Amino acid sequence: MPELPEVETILRGLKPQVVGRRIRSVRVGDQKVLQLTKSDFRDRMRHEIIRKLSRRGKFLIFELDVYYLIFHFGMTGQLTFRDPNRKDSQNFIRHSVTGLQRAVQHAPDQHTHVQIQLDKGTALFYRDIRKFGKIFLIEKQRDLLTGFFERLGLEPFTADYNVGSFLKGLRHSKRSIKSLLLDQSFVAGIGNIYADEALFEAYIHPIRGVQSLRRSEKIALFEAILRVLERGIKYGGTSMRDYVNSDGEKGSNQDNLRVYGRQGDVCYRCQTVIQKMVVSQRGTHFCSSCQLC
DNA sequence: AACCTTCCCTGATGGC
DNA sequence: TGCCATCAGGGAAGGT
């Protein structure tokens, strides 16, 4: 489930590979992942050059000449780069369909919904098993990007994300803190995994009402969010199931998780058994001993 | 307006 | 072995 650190990892992997490349052709399988028709998508993307890559929350943004091409990976979206000419005998195998590629990469299959052919036989493949992901194409003119992201909240690792703006975002909420953390209009990029991890780091129980949090707890949470996201990026993202980076490789941050997916195991801090409950329709993992109610 | 519930989708898993 | 139910969940849409 690509959250901020996973999208950031994909971005960093793709950037040196695709910037400056021209889109030669586009193939679309299931149109459901597109927010426009198959033919519009194909025709508009063709001959465009990829100028820049960036990220906002969980969205990956390709700046082309006329359009922004924007990906949201939903639960199981994967965006991988293929270069059949790439020489790297150490880690690559030769695949009959896709050429040289990482051994773990998927060849295009029934879940590969979009193939974007670039220069020199290279390509971007979008694969998405559950099809919760979405691909957008919006015009660059008239500052449509700002409107597209108008409902997104604070962007971690930018000046927007500071103690003042964070406390302000917490001021009027009557929800549980877990529920608010999942809301992209508060802080952009946090999903279920990093929400649970941040709450653990900050010693806060997920069902706590926002208004019950002391100032010191809010600040601890502010910092914990940065810490868990930073660690996620450092370890190439969390691969619980389907997440892979732009080379088709899994990340390793799942080995660093303190609570997510650890129900039944003991807390690293206090040896209490980690619990799992449902909050805001999401599996929520926590230590009932050191995350106080 | 704010908050909550339902729905979309497929593969993995467990019970029988 | 096969079959069915359950679960995973981001976010839009609908409901309260």
Side-chain angles (χ1 to χ4, degrees), chain A residues 1-8 10 28-36 55-61 70-79 104 106-114 126-136 138 147-156 168-199 206-212 225 229 232 237-244 250-251 254 257 259-264 274-286:
Chain A
M1 50 208 88
E3 307 179 26
L4 185 153
E6 288 73 38
V7 180
E8 181 67 23
I10 294 167
V28 179
D30 192 338
Q31 192 174 294
K32 190 184 179 301
V33 298
L34 303 180
Q35 296 303 300
L36 63 168
R55 181 189 56 72
R56 175 82 169 90
K58 302 175 189 172
F59 291 88
L60 181 64
I61 307 157
I70 303 175
F71 288 81
H72 189 291
F73 298 105
M75 287 290 298
T76 55
Q78 302 173 331
L79 188 62
V104 293
H106 278 280
D109 61 13
Q110 77 269 31
H111 302 301
T112 305
H113 307 304
V114 177
Y126 180 72
R127 183 173 184 269
D128 188 349
I129 294 171
R130 288 182 223 177
K131 291 183 265 196
F132 282 11
K134 286 182 169 57
I135 302 175
F136 307 84
I138 65 170
F148 185 84
F149 291 127
E150 69 184 347
R151 293 167 62 190
L152 279 190
L154 305 174
E155 182 65 41
K168 195 176 171 189
L170 291 169
R171 201 164 292 164
H172 300 297
S173 175
K174 293 192 166 81
R175 315 152 74 168
S176 69
I177 185 61
K178 166 81 187 249
S179 164
L180 187 61
L181 284 182
L182 292 175
D183 188 337
Q184 300 301 297
S185 66
F186 173 42
V187 178
I190 301 174
N192 204 34
I193 296 173
Y194 294 96
D196 283 4
E197 293 297 310
L199 288 168
I207 63 169
R208 288 275 297 278
V210 171
Q211 297 312 313
S212 79
I225 289 168
L229 293 177
T238 304
S239 295
M240 296 301 289
R241 278 194 182 80
D242 303 287
Y243 166 70
V244 293
K250 291 181 184 302
Q254 58 276 17
L257 300 182
V259 285
Y260 186 89
R262 296 198 64 246
Q263 64 275 18
I274 300 295
Q275 308 285 310
K276 182 178 181 183
M277 66 184 297
V278 175
V279 181
S280 280
Q281 331 301 127
R282 296 289 175 265
T284 297
H285 314 72
F286 62 101

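Note on naming: letters A, B, ... go to the chains in the order of the sequence lines (proteins, then strands), and numbering restarts at 1 for each one. Since the model is a prediction, treat every value here as computed from it, not as a measurement. Side-chain atoms are counted along with the backbone in the values below, which use heavy atoms only and exclude waters and symmetry mates.
Nucleotides of DNA chain C that come within less than 4.0 Å of any heavy atom of chain A span, from the 5' end to the 3' end, C:dA8 to C:dG11.
If you check every strand for non-hydrogen atoms under 4.0 Å, A:Tyr260 touches sugar and phosphate atoms only. Residue contacts for A:Gly133: at a heavy-atom cut-off of 4.0 Å it reaches no nucleic acid atom on any strand shown. Using a 4.0 Å heavy-atom distance criterion, A:Gln281 is classed as a base contact. Among the atoms of the strands shown, only primed sugar atoms or phosphate atoms (P, OP1, OP2) are found under 4.0 Å from some heavy atom of A:Lys174. Within the 4.0 angstrom heavy-atom criterion, base atoms lie near A:Arg282. Note on A:Ser280: nothing from the nucleic acid sits closer than 4.0 angstrom, heavy atoms only.
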Nucleotide N/O of nucleotides 11-15 of chain B paired with protein N/O under 3.5 Å:
| residue | atom | partner | partner atom | Å |
| --- | --- | --- | --- | --- |
| B:dG11 | OP1 | A:His111 | NE2 | 2.7 |

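Spacing between atom CE of A:Met75 and atom C1' of B:dC7 amounts to 14 Å, rounded to whole angstrom units. Atoms CD (A:Gln211) and P (B:dA2) sit 13 Å apart, rounded to a whole Å. If you take CZ of A:Arg175 and P of B:dA1, they are 16 Å apart, rounded to a whole angstrom.
Side-chain contact between A:Tyr194 and A:Tyr260: absent, with no pair of heavy atoms (C-beta onward) separated by less than 4.5 Å. Inter-residue side-chain proximity for A:Leu4 and A:Ile190 is flagged as unmet; no heavy-atom pair is nearer than 4.5 Å. Residues A:Met240 and A:Leu257 have side chains in contact (heavy-atom distance under 4.5 Å, counting atoms from C-beta outward). Counting heavy atoms from C-beta on, the side chains of A:Val279 and A:Leu182 never come closer than 4.5 Å. Side-chain contact between A:Ile10 and A:Tyr243: present, with at least one pair of heavy atoms (C-beta onward) separated by less than 4.5 Å.
Closest heavy-atom contact between A:Ile177 and A:Leu170: CD1-CD2, 3.8 Å.
Between A:Glu6 and A:Lys58, no side-chain nitrogen of the basic residue sits less than 4.0 Å from a carboxylate oxygen of the acidic one, so the salt-bridge criterion is not met.
Distances shorter than 4.0 Å separate some side-chain N or O of A:Lys131 from OP1 or OP2 on B:dT10.
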Does the side-chain contact (heavy atoms from CB on, under 4.5 Å) test come out yes or no for A:Leu199 and A:Lys178, once each step is laid out? CA-CA 8 Å; A:Leu199 288 168; A:Lys178 166 81 187 249; 4.1 Å; yes
Apply side-chain contact (heavy atoms from CB on, under 4.5 Å) to A:Asp242 and A:Arg130, showing your working. CA-CA 10 Å; A:Asp242 303 287; A:Arg130 288 182 223 177; 4.3 Å; yes
